[in-house]
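Chain identifiers are assigned alphabetically (A, B, ...) following the order of the sequence lines, protein sequences preceding nucleic acid strands; residue numbering begins at 1 within each chain. Fair warning: this is a prediction, and the values are worked out from it, not measured in the lab. Keep in mind that the numbers below use all heavy atoms, side chains included, and drop hydrogens, waters and symmetry copies.
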Amino acid sequence: MKIHEYQAKELFRTFNVPVARSGVAFSKEEALKVAEDLGQYPVVVKAQIHAGGRGKGGGVKLAANSEQVMTIVDQFLGMRLVTDQTGPEGRIVRKVLIEAGQSIDKEFYLSLLVDRQTEKIVIMASQAGGVDIENVAAKTPEKIIRVFVDPLIGIQGYQMRQVGFQLGFPAPAMKQLYGLLFNLYRFFVKYDVSLVEINPLILTSEGNVMALDAKVDFDSNALFRHKDLLELRDLDEEDPMEVEASSYNLNYINLDGNVGNIVNGAGLAMATMDIIKNAGASPANFMDVGGGASAEQVENAFRIILADPKVKAVLINIFGGILRCDVFARGVVEAAKKTGVTVPVVVRMEGTNVEEGRQILADSDLNLTSASDLADAAEKIAAAVN
Amino acid sequence: MSIFVNKDTKVLVQGITGNEGSFHTRQCISYGTRIVAGVTPGKGGQKMDGVPVFNTVAGAVKETGADASLIFVPPPFGADAIMEAADAGVSLIVAITEGIPILDMVKVKNFLSSRKCRLIGPNCPGIITPEECKIGIMPGMIHKKGHVGVVSRSGTLTYEVVDQLTKNGMGQSTCIGIGGDPVNGTNFIDVLSAFEADPDTHAMVMVGEIGGSAEEDAAAYIKAHVTKPVVGFIAGLTAPPGRRMGHAGAIISGSSGTGDAKIKAFKENGIHVCENLGRIGQICKEVF
């Protein structure tokens with residue numbers, strides 16, 4: 001689960017990770033009030049959306065006085081901000097962060113994440129701060145420092161020194177950096193963070209260390225033990241259909257093709273998307289109803305897919321394991337009864353209780369095309385939309 | 001022959017009295033698996049279809065001599081269940097549970113590193129040696145005894161592959177789903193090396209997906225150490241970057257973990273790539 005920069009900075013403050021003074025605003029008036037409370041100019045106006053690349057995309061601007069704050073905020077709020085990470089459709093800006101401007105001496109990159117290969121928490125840092133780190137990693141990997149922390153032991157002093165000295169941090173600021181690293185690590189572990197990224201981490205001309213940006217992503221699987229984080233979720237940043245699907249515990253991702261599909265299991269769902277593409281059509285979504293789906297969940301999945309106006313045909317591909325085919329078939333029938341089916345539906349079903357499942361579909365009077373295997377299903381679905 | 005499990009494996013089920021736990025225990029028993037015990041804290045002394053239920057794994061192992069565990073407990077208790085099984089001396093732990101937090105799994109891996117046991121999963125369908133032993137949730141009837149080893153990060157996608165193998169006349173030695181989480185117990189290389197050493201496995205199918213670099217690592221291993229033919233498949237070539245495709249581990253982050261990079265690694269290391277899942281049975285038949 002992603003959160004906004006302003007929310008991340010609030011959390012940073014409670015963990016004593018230094019950030020600049022700032023406040024969030026949802027209107028011009030609020031923005032002006034925040035700026036005046038800061039009592040200094042320039043201030044930085046930062047558009048708050050769940051995507052990086054905001055600086056390059058024009059979502060971060062410096063304001064020298066209150067008039068400029070008004071002008072910039074007026075321009076930002078309601079704007080569709082397009083960055084490298086938003087896709088061409090961009091994201092609507094609904095709030096801005098007003099932050100006290102800093103006099104920057106040096107910029108660094110710093111992040112913590114779980115490294116899949118070593119199964120440890122890795123601290124990544126670089127002197128090349130403020131820029132696209134993917135580029136740095138691709139072109140000059142030697143400029144990226146990696147220090148691996150064993151979560152059973154926790155972060156050690158020597159590891160913080162490794163980061164500090166390799167970054168070439170000036171001696172007077174070193175202690176501040178250690179404090180920041182230690183507290184950031186504490187935050188990471190306490191909240192089951194999957195990624196925290198500070199780009200840039202700055203050294204001000206007064207010699208202070210500060211997180212000038214904050215990007216945080218939490219492990220969704222661990223939210224059951226962090227109920228306080230749930231209120232930080234911003235549904236405006238998510239696709240409404242995806243929000244609805246997630247309320248039924250369905251793994252759904254909205255895509256731009258026209259073949260809706262319902263599959264059980266993430267791997268098979270991905271492969272089914274690939275097959276649709278191979279057959280010359282294009283998937284409208286990724287929908288994994290999961291291992292132990294109930295008839296009700298299946299019903300909701302089918303209803304969500306049918307409600308999508310771009311869907312011209314639906315491919316149902318089920319290989320029963322945990323999810324029994326009879327349970328699945330009942331869900332499909334229920335949903336079809338309630339919502340009505342106006343597009344061609346191709347069903348391919350195999351596995352646990354497949355005979356009962358096929359029987360339920362056959363007895364239902366629904367107009368379904370059944371496919372004998374995957375190749376057959378791909379052909380039939382392509383024929384239905386082309 | 002087979003790897004990791006056979007007809008003598010004695011299995012206990014953690015979470016045996018739950019909805020899925022009881023359903024799949026029955027399926028395993030009817031397949032012929034020796035389910036000797038169940039564990040549900042607070043329900044010790046009861047029976048589930050004649051299978052004795054214990055309060056603790058240690059108690060179940062002591063009474064029944066179980067050497068493998070099948071775990072169905074909910075995700076908040078998943079890590080605890082795995083560690084309990086390992087501590088009780090169970091040598092093979094199969095964790096079906098999906099949704100265990102990654103930091104829990106990192107701790108579990110640390111815990112297991114000083115113990116002699118193998119963890120398969122979590123978030124996986126389990127392991128089956130056809131016509132001998134099924135420890136998992138896969139539909140047994142699609143499998144057939146034979147000589148192809150199957151290893152996969154997915155569940156249902158594995159069933160699809162196995163089904164096509166069987167329909168094309170190729171039985172399987174052992175099929176293992178290693179799970180879709182970013183941190184898991186057994187990896188591709190562990191399984192590939194066991195298949196290479198197993199005289200009854202003559203060929204292998206490896207089913208990967210986007211995210212991470214396990215497929216690339218496995219491809220390099222295959223080139224260096226595997227003499228038997230391998231067919232590879234990657235799911236998620238059409239997946240958009242930055243989105244978690246159901247599995248916690250199936251995400252393209254930046255430029256890493258793309259399907260194209262994995263296919264390229266497969267091709268460069270002598271793995272026969274199947275680009276169309278509908279034809280994987282056919283392709284295996286041609287290659288093997």
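- Counting non-hydrogen atoms of other residues, nucleotides and ligands closer than 6.0 Å to NZ of A:Lys143 gives a total of 12 or fewer.
- Interatomic distance, OG1 of B:Thr156 versus CG of A:Asn264, reported as 5.0 Å (0.5 Å rounding).
- Between B:Asn276 atom CG and A:Leu374 atom CG the span is 8.0 Å, to the nearest 0.5 Å.
- For B:Glu275, the part lying under 4.5 angstrom from a heavy atom of chain A is the backbone only.
- Side chains of B:Ser154 and A:Met270 form no contact here, defined as non-hydrogen atoms less than 4.5 Å apart.
- Annotation: the span from A:Gln117 atom CD to B:Asp217 atom CG amounts to 5.0 Å, rounded to 0.5 Å.
- Applying the 6.0 Å contact sphere to NZ of A:Lys380 captures more than 12 heavy atoms from other residues, nucleotides or ligands.
- For A:Asp239, the CG atom is densely surrounded, since the number of other residues' heavy atoms within 6.0 Å is greater than 12.
- Between chain A and the options B:Gly259, B:Pro125, B:Ala235, the largest number of non-hydrogen pairs under 4.5 Å is found for B:Ala235.
- In terms of heavy atoms, B:Gly212 sits closest to A:Arg116 at N-NH1, 3.3 Å.
- Both the backbone and the side chain of B:Leu237 come within contact range of chain A, each with at least one heavy atom under 4.5 Å from a heavy atom of that chain.
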Dump the intermediate steps for side-chain contact (heavy atoms from CB on, under 4.5 Å) on A:Ile121 and B:Leu103, then the final yes or no. CA-CA 9 Å; A:Ile121 296 171; B:Leu103 286 180; 4.0 Å; yes
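- The local environment of CD in A:Gln156 is crowded, with over 12 non-hydrogen atoms from other residues, nucleotides or ligands closer than 6.0 Å.
- Here the side chains of A:Leu268 and B:Leu277 are in contact, with some heavy-atom distance below 4.5 Å.
- A donor-acceptor pair shorter than 3.5 Å cannot be found between the side chains of B:Glu160 and A:Asn317.
- Counting only heavy atoms from C-beta outward, the side chains of A:Asp150 and B:Asn110 approach each other to under 4.5 Å.
- Taking NZ from B:Lys109 and NZ from A:Lys120, the interatomic distance works out to 10.0 Å, rounded to the nearest 0.5 Å.
- Checking A:Ile275, A:Thr272, A:Asp274, A:Ile276 one by one against B:Thr238, the side chain to side chain contact (heavy atoms under 4.5 Å, CB included) holds for a single residue, A:Asp274.
- For the atom pair CZ of B:Arg244 and CG of A:Asn251, the computed distance is 6.5 Å after rounding to the nearest 0.5 Å.
- For the set B:Gly249, B:Gly180, B:Pro241, the entry with the most heavy-atom pairs within less than 4.5 Å of chain A is B:Gly249.
- For a residue to count as touching a neighbouring chain, one of its non-hydrogen atoms must lie under 4.5 Å from one of that chain's; by this rule A:Asp192 touches chain B with backbone and side chain alike.
- With rounding to the nearest 0.5 angstrom, the CD atom of A:Glu242 is 4.0 Å from the CZ atom of B:Arg243.
- Residues B:Val162 and A:Phe319 have side chains not in contact (no heavy-atom distance under 4.5 Å, counting atoms from C-beta outward).
- No part of B:Met105 comes within reach of chain A, as not one of its non-hydrogen atoms sits under 4.5 angstrom from that chain.
- Taking 4.5 Å as the limit, every side-chain heavy atom of B:Pro240 sits out of range of all side-chain heavy atoms of A:Phe286.
- Interface remark: A:Glu119 contributes backbone and side-chain atoms alike to the contact with chain B (heavy atom separation under 4.5 Å).
- No donor-acceptor pair under 3.5 Å is formed between the side chain of B:Asp163 and the backbone N or O of A:Gly351.
- Side-chain atoms of A:Asp288 never come within 3.5 Å of backbone atoms of B:Gly246 as a donor-acceptor pair (strictly under, hydrogens ignored).
- Heavy atoms only, all atoms of each residue included: A:Arg225 and B:Pro101 are closest at NH2-CB, 3.4 Å.
- The contact between A:Asn221 and chain B is made by backbone and side chain atoms together, counting heavy-atom distances below 4.5 Å.
- Annotation: maximal heavy-atom pairing with chain A below 4.5 Å, among B:Asn187, B:Thr158, B:Asn184, B:Asp104, occurs at B:Asp104.
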